[in-house]
> 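My questions all concern the structure below.
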2 protein chains.
Amino acid sequence: MSEQNHTALHTLKISCSSCSLRELCLPVGLNREEMSQLDTVIRQSRRLKRGEYLFRSGEGFKSLYAVRTGFFKTCVASQDGREQVTGFLMSGELMGLDGISTNNHSCDAIALEDSEVCELPFGRMESLSRDIPSLQHHFYRLMSREIVRDQNVMLLLGNMKAEERIAAFLLNLSQRLSTRGFAANDFILRMSREEIGSFLGLKLETVSRTLSKFQQQGWITVDHKHIQLVKVEDLKNLIAGCIHASGH
Amino acid sequence: MSEQNHTALHTLKISCSSCSLRELCLPVGLNREEMSQLDTVIRQSRRLKRGEYLFRSGEGFKSLYAVRTGFFKTCVASQDGREQVTGFLMSGELMGLDGISTNNHSCDAIALEDSEVCELPFGRMESLSRDIPSLQHHFYRLMSREIVRDQNVMLLLGNMKAEERIAAFLLNLSQRLSTRGFAANDFILRMSREEIGSFLGLKLETVSRTLSKFQQQGWITVDHKHIQLVKVEDLKNLIAGCIHASGH
DNA sequence: ATTCCGCATTGACGAGGGTCAAGCTTCACC
DNA sequence: GGTGAAGCTTGACCCTCGTCAATGCGGAAT
């Protein structure tokens with residue numbers, strides 16, 4: 001029964017009252033009791049204004065955070081001020097996994113617009129995951145997915161040219177937005193050219209020039225932060241062979 | 001008692017008969033019974049010849065592998081043949097974490113010299129980790145450490161110049177070798193210039209030229225694969241501010 | 001021991017993208 | 001609504017690193 005139950009529920013989402021984790025972050029098959037257990041662990045969500053830090057590198061690690069609404073970037077900084085954006089996060093995506101290893105966060109998480117997150121106290125999630133095998137498995141999978149994502153970013157940074165990086169970036173954003181029910185080919189960038197550049201290993205001028213170039217070729221339209229993808233196929237051709245690339 | 005026991009044992013290594021995981025890969029505090037449980041799960045080690053694949057991208061995921069002896073690279077490949085080395089692994093380090101997310105490996109693991117690995121059947125490790133909290137925690141930490149490492153590689157690929165990358169690479173190798181009891185300043189590279197370049201986002205000629213340059217400046221000596229670090233401080237100055245960089 | 005092939009080194013050249021600078025737009029904040 | 005600062009675009013220039021090529025060296029296999 002329990003096994004069957006799990007299988008049947010596996011495609012369902014958890015509905016937890018306190019936040020919309022059900023969306024993407026925790027689509028595990030759980031029964032009612034397990035769900036309510038989880039609900040007691042997940043703390044009230046927290047709101048952040050644009051520019052606010054969710055956590056900073058070096059701070060003690062206590063919780064993971066799932067984006068409910070809004071948009072975040074994570075970045076690691078070197079002592080001399082160089083900064084590398086390591087990811088852009090949208091609803092349903094998880095931040096803070098880096099903190100587990102040393103009990104300190106190793107990157108900053110910053111809201112790029114007014115946002116809301118669920119706090120998942122890690123210690124309690126950890127013990128809960130001992131009682132709920134599918135939850136444990138789900139955490140292993142989430143962390144593994146992050147590792148795979150990072151490897152693809154490495155591929156992007158190590159092998160691809162500026163145009164390919166930008167194309168991969170746009171397509172990745174597009175794909176993730178459409179997953180969340182937003183338009184795939186018409187969206188607003190939440191981050192600056194400089195932040196895009198930092199993520200892609202390019203300077204902001206190169207980002208700007210490349211976007212202009214794509215526009216001239218009729219592949220996209222650019223109106224400041226408003227982007228429309230016009231010829232998705234051409235963009236895809238550009239990165240043919242570079243796997244799905246980047247992106248959470 | 002149990003709690004104290006854990007604390008006291010925390011700095012100890014597991015001694016499991018079948019392989020030398022105790023080294024670095026699983027330094028958890030476990031009592032005797034837990035250790036023997038773990039022992040029954042860890043399969044006999046497997047030997048690979050130089051050049052042999054431990055697993056390939058796309059293959060079904062069943063196990064993690066810990067390096068006992070030898071040296072590995074992991075790499076992701078794009079369809080058009082471009083290849084990105086995502087890490088070099090030495091004894092005690094773990095491979096295969098990427099496979100958890102989709103139940104398929106997403107990278108290749110290749111022995112760079114005759115090597116030996118321990119196979120850790122993941123399903124059994126997973127259920128065992130439910131019974132042994134410290135083991136579960138350790139797995140979370142291992143995966144988190146991999147994420148942190150990957151973020152630092154991103155920083156390297158996104159921000160650093162060729163000389164900085166090579167310096168960071170050499171220092172990282174040096175540090176990991178000395179951790180394992182090898183000489184920190186005198187070692188043999190197990191990988192080709194091309195593989196170094198792939199990892200660092202550089203072409204093999206640039207790797208070669210940069211090593212020659214370092215030698216001319218008296219910072220290192222280069223005799224094919226035999227490297228000696230002469231002026232570690234100068235190398236460190238070169239990457240001042242770039243955090244510990246690279247990894248694995 | 002010999003041969004061959006893979007790997008490494010080095011040079012010359014060129015291009016992609018970084019740097020510097022100027023001007024413009026937009027948005028946040030008074 | 002006005003003002004300033006921040007962000008964006010575009011151009012010119014230059015430098016780092018990639019590309020192409022020639023040569024050399026060493027190790028593996030026979």
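Remember, it's a predicted structure, so these values are computed and weren't measured experimentally. Letters A, B, ... mirror the listed sequences (proteins, then strands); counts begin at 1.
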> For residues A:Ser63 and A:Glu119, is any side-chain donor paired with an opposing acceptor at under 3.5 Å?
yes
> Any idea which of C:dG17, D:dT9, D:dG18 is nearest the B:Leu202 side chain?
D:dG18
> Contact class for A:Leu211 vs. all strands (heavy atom < 4.0 Å): base, sugar-phosphate, or nothing?
nothing
> Would you please say whether a donor-acceptor pair under 3.5 Å links the side chains of B:Ser198 and B:Glu83?
no
> Rounded to whole Å, how long is the line connecting atom CZ of B:Arg193 with atom P of D:dG26?
13 Å
> For the base of D:dT19, is there a side-chain donor-acceptor partner from B:Arg209 under 3.5 Å away?
yes
> Can A:Thr221 and A:Gln215 be counted as having a side-chain donor-acceptor contact under 3.5 angstrom?
no
> Which angle, to the nearest 10 degrees, lies between the helix axes at the two ends of the helix from C:dA1-D:dT30 to C:dC30-D:dG1, each defined by five pairs?
60°
> What is the nucleic acid contact for A:Gly201, judged by heavy atoms within less than 4.0 Å: base, sugar-phosphate only, or nothing?
sugar-phosphate
> Main chain of A:Asp98, side chain of B:Ser144: is a donor-acceptor contact present, judged purely on distance under 3.5 Å?
yes
> Taking the six-membered ring for Trp and the full ring for Phe, Tyr or His, determine whether the centres of A:Phe88 and A:Phe199 are under 6.0 Å apart.
yes
> Got a donor-acceptor pair under 3.5 Å from the side chain of B:Glu205 to the base of D:dC20?
yes
> Side chain of B:Ser212: nearest nucleotide among C:dT9, D:dT9, C:dT10?
C:dT10
> So do B:Phe214 and B:Asp234 actually touch side chain to side chain, heavy atoms under 4.5 Å?
no
> Starting from the 5' end of DNA chain C, give me the residue, B:Val207 or B:Lys161, whose nearest nucleotide shows up first.
B:Val207
> Out of C:dT19, D:dG18, C:dT9, which nucleotide sits closest to the side chain of B:Ser208?
C:dT9
> Between A:Thr206 and B:His224, name the one whose nearest nucleotide on DNA chain D is closer to the 5' end.
A:Thr206
> Roughly, in whole Å, what's the span from CG in B:Leu200 to P in D:dT16?
18 Å
> Which of these, A:Thr74, A:Val117, A:Leu112, A:Leu94, sits in a side-chain contact (heavy atoms from CB on, under 4.5 Å) with A:Leu89?
A:Thr74
> Using the side-chain contact (heavy atoms from CB on, under 4.5 Å) rule, pick out the option among A:Val232, A:Leu238, A:Asn237 that qualifies with A:Trp219.
A:Leu238
> Sort me out a list of protein N/O and nucleotides 27-30 of chain D N/O pairs below 3.5 Å, or just none if empty.
none

> Looking at A:Tyr53, I'd like to know if the NZ or CZ of A:Arg56 sits under 6.0 Å from its six-membered ring centre while staying within 45 degrees of the ring's axis.
yes
> Let me know the distance between NZ of A:Lys203 and C1' of C:dC20, rounded to the nearest Å.
13 Å
> Classify B:Lys213 by what it touches in the nucleic acid, base, sugar-phosphate, or nothing, heavy-atom distance under 4.0 Å.
nothing
